[in-house]
Amino acid sequence: MSASSAYPFDPLSEADDVVPAPRPGGIAARAAAMARPAAAADYLSGLNPEQREAVETLDGPLLVLAGAGTGKTRVLTTRIAHILALGLARPYEILAVTFTNKAAREMRERVGKLLGQAAEGMQWLGTFHSIGTRILRRHAELAGLASSFTILDTDDQIRLLKQVLAAENIDDKRWPARQLAFAIDGWKNRALAPKDVPAGEAQGFANGRGAELYALYQARLKQLNAVDFGDLLLEPIKLFRDHPDVLEQYHRRFRYMLVDEYQDTNVAQYLWLRLLARGSTNLACVGDDDQSIYGWRGAEVENILRFDRDFPGAKVVRLERNYRSTGHILNAASHLIAHNQGRLGKTLKPQTELGDKVTVAGAWDSGEEARQIGDEIEALQSKGHKLDEIAILVRASFQMREFEERFITLGLPYRVIGGPRFYERAEIRDAMAYLRVVASPADGLAFERIVNTPKRGLGDAALKQITERSRADEVPMLEAARRLVAGPDLKPKPKAALKELVQAFDRWAALVDNVPQSELAERVLEESGYTDMWTKDRSAEAQGRLENLKELVRSMEPFENLRGFLEHVSLVMDADAGRGEDAVTIMTLHAAKGLEYDTVFLPGWEEGLFPHQRALDESGRAGLEEERRLAYVGLTRARRRAKVWFASNRRIHGLWQSSIPSRFLDELPEADVDVIEAPAAYGGAYGGMGGAYGASRFDKAEPFASTYDTPGWRRAQESRGAASPGPGARRSGPMTIEGELVASSSAPRSAFKEGARVFHQKFGNGTVVEVDGNKLTVAFDKAGHKRVVDSFVKAA
DNA sequence: GATGGGGCGTTTTTT
DNA sequence: ACGCCCCATC
C-alpha cells in the first residue's frame with residue numbers, strides 16, 4: 001500500500017479532509033520521522049518504560065493490558081499524539097474507537113491538550129456506533145437505505161416489534177415484544193443475520209418463528225428507512241463483506257487503529273475491527289480482562305484473551321504500575337481477582353505507601369449500614385474531606401434508595417448517577433418525536449407516538465385507518481394522513497383534528513431552514529398543545545416535565561441545525577449530569593468503571609446480592625467470575641480508602657431476609673484488611689440478632705465458613721469442577737488460599753463475661769448467661785433468652 | 001378517554 | 001412490598 005497513490009484520488013476525500021500540509025509519503029519519510037530523537041518530545045517524558053513502549057510500538061498489532069489505574073487513557077492519547085507528531089498519519093487517518101461517548105469526549109479533549117487543534121481533524125474518533133453511522137451514511141444506498149435513515153432507540157424498536165407481532169397474529173402476551181427485542185439484540189451482538197440464527201435458538205420464540213420474525217422486523221426497518229443500534233455495526237460489516245472496493249477505501253484510509261476497552265467488545269464489534277484491520281496491522285487495542293463486566297450484554301472476554309492468536313505477531317505490553325491507589329487497597333484487589341481462572345494475569349504494583357487497610361464492617365441490616373456509612377461520611381467531612389471525593393458503589397440500584405433517604409435526613413448532599421436518563425423521559429421522547437417528524441416526515445414511528453399526544457381525538461380507530469392507508473398506498477404515515485384528510489373515509493371530528501395536525505407539520509417543516517432549531521422546537525411544542533398538556537396537568541411531576549422541556553430546548557442551541565441535534569441525541573443519549581455542589585456520589589459498580597475517588601464505600605457484600613444470585617444461576621462460574629471482576633473494579637476505584645460493608649438482614653422484594661457475608665470477603669487477604677467488629681468501633685448501635693429476624697451468620701459456628709453452605713456457593717463449586725472442594729464441602733476454621741490466611745471475622749472469644757449487663761438495640765437490656773466464643777446467650781429483661789453475637793451488644 | 005384493578009417482574013446498561 | 005403496564009370498564 002503506497003501512501004502517495006491513495007491521494008488525491010481517494011474517493012473518501014471530503015472537503016474537510018483536505019489539509020494544506022504536505023503528506024509525508026513513502027518509507028523514506030517515515031524512516032526519517034522515526035529517526036527523530038523521541039526524547040525531544042516532551043509528551044513522552046512523563047511516561048514509565050512500559051507506557052512508553054506502548055506508545056512507541058507503532059507497527060503491527062499491539063495489545064496493551066492496562067490494569068486499573070495504570071494510565072490507559074494516557075497511553076492511548078499519547079500514542080495518537082506521537083503518531084501525529086511523527087507525521088506518520090494525518091488526524092483523519094487514525095481510527096480511534098471507544099464504547100461510550102464520554103470516553104470519546106475525554107480522549108478528544110486529552111489529545112487536544114497534547115496537540116492543540118489537531119484533535120479537531122480526528123473525524124474517526126468516536127464510539128463504535130457513531131463511526132458505524134458515519135460509514136453507513138456514506139454508503140447507505142448500498143445497504144438499501146437512504147442516507148437520511150433514522151436511528152431507532154429501544155423504545156421505537158419495541159413498538160415496531162409489536163407491530164410485526166400483531167401483523168403476524170402472534171399473541172404478545174405469550175410472546176412479548178420485549179423478549180423478541182432481547183433475542184434480536186443478542187443475535188445482532190453476535191453478528192447473526194436472520195438466516196444465520198441457529199435453528200435451536202430461533203426455536204425459543206413463538207414456536208420457532210424467531211428468525212422469521214427477525215427477518216420481518218429487518219424488512220420493516222428498511223421500509224421505514226431506519227436502523228436500530230445493532231444495525232449500526234451489522235450494516236457496515238455487511239457492507240464491507242459485500243463490497244470489497246468500499247472496504248479497500250477504508251483500508252487505505254485508516255493507517256492506525258486504536259481501540260479502547262477491548263475487553264468489552266462483542267462478536268460484531270470484533271468482526272468489524274477485523275475487517276478494517278486487514279488493511280493495516282497497525283491495530284492497538286487497550287483493555288483489561290479483569291475489568292470485563294459486560295458479559296451479560298454480549299461482551300466477549302474471549303476477544304482479549306485470544307488477541308495474540310487473532311493478530312499473529314502481536315506484541316503485548318502490560319501496564320502494572322498503579323498510580324491511583326495505596327498499597328493495601330491494591331494488594332486486596334489483586335488477591336481477590338487472583339481467584340479468577342482464565343485471566344491473562346497481571347498484578348498491580350503499588351507506587352506509593354501502603355496507606356490504610358481495606359476495612360470490612362458488618363451491620364445488622366441495610367438501614368444500619370446506611371446510617372453507619374452516613375456517620376462515617378460526616379466524620380470524614382468534619383475532618384475536611386471533600387464530598388466530591390467520596391463515592392458509594394452498589395451492586396444493584398435498589399440499594400441506592402436507603403442511602404438517599406438517610407442522606408436526606410442528615411442533610412448530606414449527594415448525587416445519584418444513573419437512573420432514568422434525560423432522553424428516556426416520556427416528555428423528552430414526545431418532544432423528540434415531534435421534532436423527528438418535522439425533520440423527516442417519513443418517520444412513521446415518531447408520528448405514531450405523538451399523533452394523539454396531546455389528546456386530539458385521534459384514537460385507535462383513526463390510527464388504524466392511517467396505518468392501513470399507509471400500508472395500502474405504500475407511503476409514510478404522515479402522507480397517508482394527508483390523503484385521508486383529503487378523502488371521504490374519516491369521520492368529521494377526527495378528520496378536522498388530523499387536518500390541523502398535518503397542516504401544522506407542513507407549517508413547521510417550512511420553518512426548518514429558516515428558524516433556529518431551538519426556536520422552532522419552542523413553537524412546535526407550543527402550537528401542538530404539548531406544553532399546554534403539561535401545564536394543565538396537576539400531577540406532581542408535571543412541573544418537572546415542563547422544566548425538562550425547557551432544558552431540552554436550551555440544549556438544542558449549540559447545534560448547527562435540527563438534523564445535527566437529532567443525530568446527536570440518537571447516538572449520544574447522555575446529558576452530562578453536571579458537577580454541581582460538593583456532594584457524595586451514589587452509583588452502581590458498573591457505572592463506576594473508569595472513575596476514581598479518595599474514599600469508596602462498598603456496601604452490600606452479601607451472598608445473593610454480591611455476587612448476585614442471578615449471575616450465579618444464569619452463568620455459573622463465568623457469572624461468578626464476572627461478579628468478582630466487579631468487586632475488583634469497585635476496590636480499585638479507591639485512591640486511599642476502601643470500606644466494604646455487609647448487612648446481616650436485608651429487605652428483598654419487601655421481605656426481610658437474613659444474609660450471609662459475601663464469599664468475596666473471604667477472598668480478601670487478611671494482611672491488607674481490617675475487620676471492624678468491636679462495638680466500640682461504631683458506638684454499638686447494633687440491632688437485634690437471631691430470633692425475630694432469623695439466623696445470621698453470627699449464630700452459626702465459624703462465621704465465615706458458613707458462607708460455604710449457601711446454595712449459590714455449592715452450585716458454583718459444582719460448576720468449578722475438581723479443582724476445588726466438592727459440593728457441600730464443610731470447612732472448619734478460617735479459609736486459606738494458597739496457604740495464606742485470609743480475612744476472618746471470628747473473634748476468638750468475647751470480651752463479655754457471664755453475669756455482665758449488656759444493652760442490645762432491639763432487645764434492650766439483659767444479663768449474659770452464657771459465653772460461647774463470641775456468641776452470648778443473654779437473658780433480656782423484656783425479650784427473654786436470645787443468643788446473640790457480642791458485637792451486637794454493648795455494656796449496659 | 002379517564003380510571004382503577006389485576007398481573008408481572010424486580011442485576012448490571014451503552015448505543 | 002411495590003411499581004408499572006395493560007386492559008377492561010364505565
Side-chain angles (χ1 to χ4, degrees), chain A residues 97-104 126-133 136 151-158 162 171-174 176-179 182 185 188-189 227-234 260-261 264-266 268-269 272 292-299 393-401 417-421 423-424 426 452-462 493-494 533 537 539 567-574 587-594 604 608-619 623 626-627 629-631 633-634 650-657:
Chain A
V97 215
T98 65
F99 273 82
T100 64
N101 292 295
K102 196 172 152 216
T127 61
F128 277 100
H129 292 86
S130 69
I131 290 169
T133 307
L136 195 53
I151 301 165
L152 302 189
D153 56 37
T154 326
D155 224 57
D156 297 320
Q157 207 183 341
I158 303 262
K162 276 194 179 143
D171 178 15
D172 79 344
K173 271 273 190 315
R174 177 104 178 70
R178 288 204 73 77
Q179 197 185 319
F182 184 79
D185 239 41
K188 288 190 173 178
N189 279 339
V227 297
D228 63 19
F229 284 125
D231 290 334
L232 293 175
L233 290 168
L234 275 194
D260 191 17
E261 306 276 17
D264 287 339
T265 49
N266 60 33
Q269 285 154 337
W272 190 94
S292 164
I293 54 176
Y294 286 111
W296 50 274
R297 65 173 196 214
L393 310 183
V394 298
R395 174 64 183 84
S397 41
F398 75 82
Q399 293 173 262
M400 294 179 179
R401 224 190 68 202
I417 310 277
R421 289 177 310 162
Y423 288 107
E424 279 165 13
N452 201 30
T453 310
K455 301 279 183 272
R456 43 173 77 91
L458 297 170
D460 288 349
K493 260 198 170 164
M533 177 180 106
D537 190 311
S539 65
E567 175 99 346
H568 170 84
V569 172
S570 53
L571 288 173
V572 184
M573 294 287 281
D574 62 351
M587 65 184 144
T588 62
L589 287 159
H590 283 91
K593 191 162 80 158
L609 176 59
F610 192 36
H612 201 280
Q613 192 58 50
R614 233 166 113 165
L616 303 180
D617 290 344
E618 284 169 15
S619 316
E626 183 154 311
E627 295 286 299
R629 291 194 289 268
L630 206 45
V633 166
R650 192 174 287 279
R651 199 158 53 170
I652 293 169
H653 311 323
L655 292 174
W656 281 99
Q657 310 250 266

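Just so we're on the same page: letters track the sequence lines, and every chain starts at 1.
The CG atom of A:Leu655 sits 15 Å away from the C1' atom of B:dG9 (whole-angstrom rounding). Taking atom CG of A:Leu152 as the reference point, atom P of B:dT15 lies 17 Å away to the nearest angstrom. Going from atom NZ of A:Lys188 over to atom C1' of B:dT14 covers 16 Å, rounded to whole Å. Rounded to an integer number of Å, the gap from A:Asp153 CG to B:dT15 P is 13 Å. Per the geometry, CG belonging to A:Leu233 stands 11 Å off C1' belonging to B:dT14, to the nearest Å. The separation between A:Ile158 atom CD1 and C:dC5 atom C1' is 13 Å, rounded to whole Å. When rounded to the nearest whole Å, the span between CZ of A:Phe229 and P of B:dT13 equals 16 Å. Nucleotide B:dT13 holds its P atom 12 Å from the CD1 atom of A:Ile417, rounded to whole Å.
Atom CD of A:Glu567 sits about 5.0 Å away from atom CD1 of A:Ile151, to the nearest 0.5 Å. Taking NZ of A:Lys188 as the reference point, atom CZ of A:Phe229 lies at 11.5 Å (rounded to 0.5 Å). The OG atom of A:Ser292 sits 6.0 Å away from atom CG of A:Asp264, with the distance rounded to the nearest 0.5 Å. Annotation: the span from A:Phe128 atom CZ to A:Trp272 atom CH2 amounts to 6.0 Å, rounded to 0.5 Å. The distance from atom OG of A:Ser570 to atom CG of A:Asp228, rounded to the nearest 0.5 Å, is 12.5 Å.
For the residue pair A:Thr133 and A:Ser130, no side-chain donor N or O sits within less than 3.5 Å of a side-chain acceptor on the partner.
Here A:Arg178 does not pair with A:Asp185 in a salt bridge; the nearest charged N to carboxylate O distance is not below 4.0 Å.
The phosphate of B:dT15 (OP1 or OP2) has no side-chain N or O of A:Ser570 nearer than 4.0 angstrom. Taking 4.0 angstrom as the limit, A:Asn101 places none of its side-chain polar atoms (N or O) nearer than this to OP1 or OP2 of B:dT14. Look at A:Arg614 and you'll find a side-chain N or O under 4.0 angstrom from OP1 or OP2 of B:dT10.
Residue A:His590 has its side chain nearest to B:dT13 when only B:dT11, B:dT14, B:dT13 are considered. The side chain of A:Arg297 approaches B:dT13 more closely than any other nucleotide in the set B:dT13, B:dT12, B:dT15.
On a pure distance criterion of 3.5 Å, a polar donor-acceptor pair joins the side chain of A:Arg395 and the base of B:dT12.
Here A:Asn452 lies in heavy-atom contact (under 4.0 Å) with sugar-phosphate atoms only. Contacts of A:Gly132 with the nucleic acid, taken as non-hydrogen atoms under 4.0 Å apart, are absent. Residue contacts shown for A:Glu618 include a base, since a base heavy atom lies under 4.0 Å away.
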Scan nucleotides 6-10 of chain C against the protein and return all N/O pairs shorter than 3.5 Å with their distances rounded to 0.1 Å.
{"residue": "C:dC6", "atom": "OP1", "partner": "A:Lys162", "partner atom": "NZ", "Å": "3.1"}

Can you name the atoms? Protein N/O to nucleotides 2-7 of chain B N/O, anything below 3.5 Å, with the distance.
none

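A donor-acceptor pair is defined here as one N or O able to donate and one able to accept, closer than 3.5 Å; such a pair exists between the side chain of A:Asn266 and the backbone of A:Gln269. When atom types are taken as modelled, the side chain of A:Glu626 and the backbone of A:Gly623 share no donor-acceptor pair closer than 3.5 angstrom.
Taking atom C1' on both C:dC5 and B:dT12, the two are 23 Å apart, rounded to the nearest angstrom. Between B:dT13 and C:dC2, the distance separating the two P atoms is 24 Å to the nearest Å.
Of the candidates A:Val633, A:Val394, A:Leu393, A:Leu393 is the only one forming a side chain to side chain contact (heavy atoms under 4.5 Å, CB included) with A:Leu589.
Taking the centre of each ring, A:His612 and A:Trp296 stay at or above the 6.0 Å mark.
Positionally, the nearest nucleotide of DNA chain B for A:His653 lies more toward the 5' end than for the other of A:His653 and A:Phe128.
Evaluation of A:Trp296 against the base of B:dT11 yields no stacking contact (centre distance < 5.5 Å, interplanar angle < 30° required).
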